[in-house]
Amino acid sequence: MGHITEYDMYLFGTGVHYDIYKKLGAHPEENGGVDFAVWAPNAEKVWVIGEFNNWDETADLMERLEPNGIWELCVPEAKLGDMYKYLILTKDGRKLYKADPYANYAEVRPGTASRIADILKIKWSDDKWMKSRAEVENVYEQPMNIYEVHPGSWKRHTGYTEDTGYYTYREMAVELADYMKEMGYTHVELMGISEYPFDGSWGYQVTGYYAPTSRYGTPEDFAWMVNYFHKKKIGVILDWVPAHFPRDAHGLAEFDGTCLYEYADSRKGEHPDWGTKIFDYSKTEVKNFLLGSALMWVEQYHVDGLRVDAVASMLYLDYGKQNGQWVPNIYGGNQNLEAIELFRHLNTLVRGRNNGVFMIAEESTAWPMVTGSAADGGLNFSYKWNMGWMHDFLDYMKLDPFFRKDNHNKMTFAMTYNYSEKYILVLSHDEVVHLKCSMLNKMPGLGIDKFRNLMCGYAFMMGHPGKKLLFMGGEFGQLREWSETRELDWYLLDEPEHAHLQEFVKQLNAIYNKYPASYQLDDQPGGFEWINADDAYRNIFSFVRHSKTGRNSLLFVINFSPMEYPDYRVGVPKKKKYSLILDGSAGEFGGAGRDRDVTYQAEKQPCDNRDYSFAYPLDPYGIAIFKF
């Protein structure tokens, strides 16, 4: 008898074998050899083939275990690093050559075999980080300023072909962590870590839900990177894709000759837009496969959060589908009740077992209570990407300042629903591809005007309630759209305007990290107040951020027009001194760098429906942040 017990099969059959990845897949035995186990209930026969048996299709026939249809075999000759696949004979006589769904490591693409690895023996030295994470009392009161990174195109080694030149996980860890520390980011969000075959999918069409991609190294290398980030006090977030999977012959599609991982009815089991398969969330073993994957990244690889991709496509049965292409639920509605149940189970489980870890929903609709508790009928995510804010913000920013006055509400509207969910404000990779232009080239005007506009936008985002996310390259004004086939245009930093923008973002980040008013009460009404939300004619916004203690509140004044106001008067909450801590027109940001007072005393002069105010010389595209 192998290492799969009756109790394992019972837990897997009921969908609650949370350590399933320690049982299914390929696991080296203490006394030599490797134990292989795969779930393929509708297969006629299954063999494991690989380097250890010269890919002999008849050498290693697996034994079927009941009642689940798990196939198991210990192969004495197999060893760490060997490539392997499962040869599945279907009931109708076809031969399928499948990668291991539970493999922890894969052959470098375009090869499609799995590799034997042992992730349970990885050594860690991030105890300090893990201990402090587990002791976090309220994750929402912590700063979260995320740098979104596609590992293969952040930087590359020069002089290589397009297909090589990747930084390894270890190389990237050191250089990226140093850069993030210097810039003041608190978390990195890594795209495309779960193994995937096609570079152009950016990692959103996954074949290996239990394997860090071999493009950049081994599982040990990936763990080393996470460990290094933690030592540098940087949190690690991974993109995780339970919504769909590709049709590649070696992957999950029709795994044992039948629709095993996907819904059998093509109206539920296929995404017409994406050409992918949809997981069958009604099957306990499929749910267990996804739950186990999420837990492995968090508990085995010490990842601090998962950003769940395409949540809306899972929640709605008719997502991206025409009439006749979808099937209503048992109540006649368009909600996928099985996916809803999976989310509640997933989020309650991951967060319940791992205090301080967060689950993020990329959810683009008005689905209620995405971050509400499961007990109250919510989905129990920690955060939701604020796609509504992003669309409104970019619509406003693209406009010539002359037309902004008629669209002023686009910048204020998000505050009308800000407290309905726990939000992250996002300017992600999706906004700088497919002819949408880079962040800088979305801006109106020519030359320096583009930079001044973008600085105004970033300052507004940094002051607005919600955690923050910016895609790589946005911080220095990447000109070209992002492409996964090349590194960012770092040479732009030789030009003063790009270097000034980068310095501006760096100082915004420093203010964000230094002052709890920036992040402590993002989801509490006491954390934000408008000073003037209605100065549409002049394109100016002013507001205050408050901390829990009321100390070191921040006043933001941002002028989204090229007009100068030498004596701009702003109403203030208290008769205090207001200290200028960031001047967007300073010379270090490429501005005029005029001499101006550092402190301003509020006087009893009504303005903006306040008793007190002070006057400040506000430049064209002027940005001023005061503390009081």
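We're numbering straight along the sequence, starting at 1. The basis for the numbers below is simple: all heavy atoms, side chains too, and nothing from hydrogens, waters or symmetry mates.
The aromatic ring centroids of His244 and Tyr319 lie 6.0 Å or more from each other. Ring centers of Trp490 and Tyr179: under 6.0 Å apart, within the cut-off. Note: Phe626 and Tyr578 fail the aromatic proximity criterion, with ring centroids not under 6.0 Å apart. Checked against the 6.0 Å centroid criterion, the rings of Phe451 and Phe504 do not qualify as a close aromatic pair. For Phe245 and Tyr209, the ring centers sit 6.0 Å or farther from each other. Taking the six-membered ring for Trp and the full ring otherwise, Phe222 and Tyr216 have centroids separated by 6.0 Å or more. Aromatic pair Phe556/Phe541: centroids not less than 6.0 angstrom apart. Ring-centre distance between Trp129 and Phe229: not below the 6.0 Å cut-off.
Under 3.5 Å, the side chains of Glu487 and Ser153 contain no donor-acceptor pair of N or O atoms. Looking only at atom types and distance, the side chain of Asp535 has a donor-acceptor partner in the side chain of Tyr568 under 3.5 Å away.
Cation-pi geometry between Lys422 and Tyr140 is met: the NZ or CZ atom falls under 6.0 Å from the ring centre, inside 45° of the normal. A cation-pi contact, defined as under 6.0 Å to the ring centre and within 45° of the axis, is absent between Arg170 and Tyr228. Cation-pi contact between Arg545 and Tyr515: absent, since separation from the ring centre below 6.0 Å together with deviation from the ring axis within 45° is not met. A cation-pi arrangement, defined by a distance under 6.0 Å to the six-membered ring centre and an angle within 45 degrees of its axis, is present between Lys405 and Phe402.
Leu315 is not listed as a side-chain neighbour of Thr365, based on a closest heavy-atom distance of 4.5 Å or more. No side-chain heavy atom of Asn386 sits under 4.5 Å from any side-chain heavy atom of Glu421.
Using bins of under 30°, 30° to 60° and over 60° for the plane-to-plane angle, the ring pair His464/Phe460 lands in the tilted bin.
Taken from NE2 in His187 to NZ in Lys467, the straight-line distance is 9.5 Å, to the nearest 0.5 Å. Atoms CG and OG, on Leu618 and Ser585 in that order, are 7.5 Å from each other to the nearest 0.5 Å.
Within 6.0 Å of the OH atom in Tyr417, the count of heavy atoms belonging to other residues, nucleotides or ligands exceeds 12. By the 6.0 Å contact criterion, CE on Met130 is enclosed, its count of non-hydrogen atoms from other residues, nucleotides or ligands being greater than 12.
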- With ring-ring contact (aromatic ring centres under 6.0 Å, His included) as the test, would you mind laying out the steps for Phe471 and Trp482 before giving the verdict? CA-CA 10 Å; Phe471 183 58; Trp482 169 63; 5.2 Å; yes
